[in-house]
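Below: one structure, written as structure tokens.
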Amino acid sequence: MFGLSIDHIVILLLAGLFILGPERLPEAAHWVAQALKRAREFAAGTKAQLEAELGPEYQELRKPLQELQSLRMGNPRAAVTRYLFDDTPPAATPPPVPPVPAPVPLRANERPPVDPDAT
């Protein structure tokens with residue numbers, strides 16, 4: 001539940017017991033459960049409405065989000081496999097950067113150039 005271990009849940013329940021007291025703790029737990037239930041129903045309804053309105057385009061919209069989720073999971077094997085065996089062509093390589101001329105050394109008693117906008 002929300003990435004919490006049993007230890008964390010027990011600590012939260014004990015803190016709630018001390019803060020709210022034994023009389024109000026069941027009411028608070030019921031309120032939290034109802035709020036979570038309403039949030040889940042709202043999310044499911046929104047998802048169903050998007051699927052109904054967008055149709056097949058909804059899956060196209062979800063594809064980048066699913067790829068991002070797979071990257072968050074940190075599965076390097078899947079990332080490498082997708083990179084190596086994906087059918088999409090690689091992105092165009094950027095044009096080559098022209099070489100920068102070598103700096104000319106200053107002559108004796110010559111002051112270096114200063115850009116007042118950069119300082």
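On a predicted model such as this, the values are computed, not experimentally measured, just so you know.
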Donor-acceptor pairs under 3.5 angstrom involving side-chain atoms of residues 27-38: please list them, not counting sequence neighbours.
none

Problem - Contact summary for L25 and L13, nearest pair of heavy atoms - result: CD2-O, 4.5 Å

Fill in the blank from the handout: So CD1 of I11 and CG of L14: to nearest 0.5 Å the spacing works out to 8.0 Å

Completion exercise
Residues at least two apart in sequence or cross-chain that pass salt bridge (charged side-chain N to carboxylate O under 4.0 Å, His left out) with E53, listed by chain then number, are none

Handout entry: Over 12 foreign heavy atoms within 6.0 Å of CD, E57
Key = no

Practice task
Check E110 against R107 and note the closest heavy-atom contact, atom names and distance.
Solution key: OE1-N, 2.9 Å

Practice task
With sequence neighbours excluded, give me every side chain to side chain donor-acceptor pair (under 3.5 Å) pair touching residues 8-26.
Solution key: S5-H8

